[in-house]
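Taking it in order: structure first as structure tokens, then the write-up.
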Amino acid sequence: MPELPEVETIRLALRDGVAGVPALIGQRIQSVSLRWPRHVVEPSVSSFRRRIRGRTIREVGRRAKFVLIELDRGYLIVHLMMSGDLAMAAPGTPRGPYDHTIFKLDSGWQLRFSDARKFGRVYLVDRLDPLLGELGPEPLSNEFSPSQLGHLLADHRRALKPLLLDQHVIAGLGNIYVDEALHRAKLHPLQLSNSLDSARVRALWRGIRAALREGIRHNGATIDWVYRGGEFQNHFRVYGRTGEPCPVCGTEIVRIVVGQRGTHLCPNCQPPGAELR
Ligand SMILES: [Zn+2]
């Protein structure tokens with residue numbers, strides 16, 4: 001499933017354009033083709049078709065794992081979910097089997113939402129709050145500080161991994177980057193969130209940001225979903241590396257299951273219940 005770095009990579013490519021592909025900003029939407037109308041969560045499909053016509057794209061942003069396309073009136077919001085991808089297609093490019101939702105632009109280019117497993121979601125809204133207001137802080141924002149993370153952790157008595165996966169607590173983290181962040185911070189995934197001293201909180205804060213930044217630097221990871229670009233999977237410390245040596249100490253990485261999610265850790269660097277209070 002695409003996580004924050006993968007979505008951020010897609011967003012930046014759309015916003016700025018990449019070699020030979022124009023930027024999305026400034027483009028005008030002529031119409032939309034919906035081969036899988038259930039992509040549209042709100043408004044109704046007929047209203048969506050009507051209201052998207054003629055809108056001009058002002059900005060391409062991101063909140064958590066949502067791509068936020070700011071229009072001259074309202075916002076087009078896309079959640080890629082399990083297998084989605086958003087990309088520009090040159091005029092005349094044949095429609096691919098998974099190109100379920102296609103925005104036709106005045107320039108002749110198309111913005112295509114390709115989604116093999118069809119779990120993706122599309123919204124056209126006037127206000128962001130009802131959909132995004134409940135999300136936790138953005139971990140890469142300037143406002144996200146060690147003390148803010150400390151308060152979030154202390155407010156709960158939950159194992160670290162499921163807490164960090166909770167989008168209401170921190171937005172944008174998924175299975176890969178939580179495992180990578182916890183290894184960087186030398187914290188066990190089952191350690192209780194309210195048991196961390198300030199040094200551990202700071203280590204986790206640094207670990208989360210470093211893991212995300214490294215993911216973005218490698219254009220995200222290409223793993224169990226259809227995605228063209230990234231190669232962060234070649235730089236994982238623990239995720240998916242069961243039985244391989246820890247890059248820090250050489251101990252074999254092990255896999256456990258936490259809240260039904262496969263979880264990877266180094267038993268030496270991340271001892272259980274380290275410094276529980
Ligand atoms: Zn280790």
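One-based numbering, in listed order, for ligands and for the atoms of each. In this chain, numbering begins with 1 at the start of the sequence shown. No experiment lies behind these values; they were computed from the predicted model shown.
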> For the Zn ion (ligand 1), which protein N/O/S atoms are closer than 2.8 Å?
Replying inline: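 Within the sphere that stays under 2.8 Å of the Zn ion (ligand 1), the protein atoms of type N, O or S are C246 SG, C249 SG, C266 SG, C269 SG.
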> R28 and side-chain hydrogen bond (donor to acceptor under 3.5 Å, both in side chains): which partner among T56, D106, D72?
Replying inline: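 Checked T56, D106, D72 against R28; only one passes side-chain hydrogen bond (donor to acceptor under 3.5 Å, both in side chains): D106.
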> Does a side-chain N-to-carboxylate-O contact under 4.0 Å join R35 and D99?
Replying inline: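 Result for this pair is no, no salt bridge flagged.
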> Do NZ/NE/NH1/NH2 and the carboxylate oxygens of E6 and K65 come within less than 4.0 Å?
Replying inline: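 Not counted as a salt bridge, because no side-chain N and carboxylate O are separated by less than 4.0 Å.
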> Quick one: does T263's side chain have a donor or acceptor within less than 3.5 Å of a partner on V257's backbone?
Replying inline: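 The answer is no, because no donor-acceptor pair under 3.5 Å joins these two groups.
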>> Measuring centre to centre across the rings, with the benzene-like ring taken for any Trp, is Y98 within less than 6.0 Å of F113?
In response: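 For Y98 and F113, the ring centres are not under 6.0 Å apart.
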>> Test side chain to side chain donor-acceptor pair (under 3.5 Å) on H39 and T101; report intermediate values, then the result.
In response: CA-CA 8 Å; H39 262 166; T101 296; 2.7 Å; yes
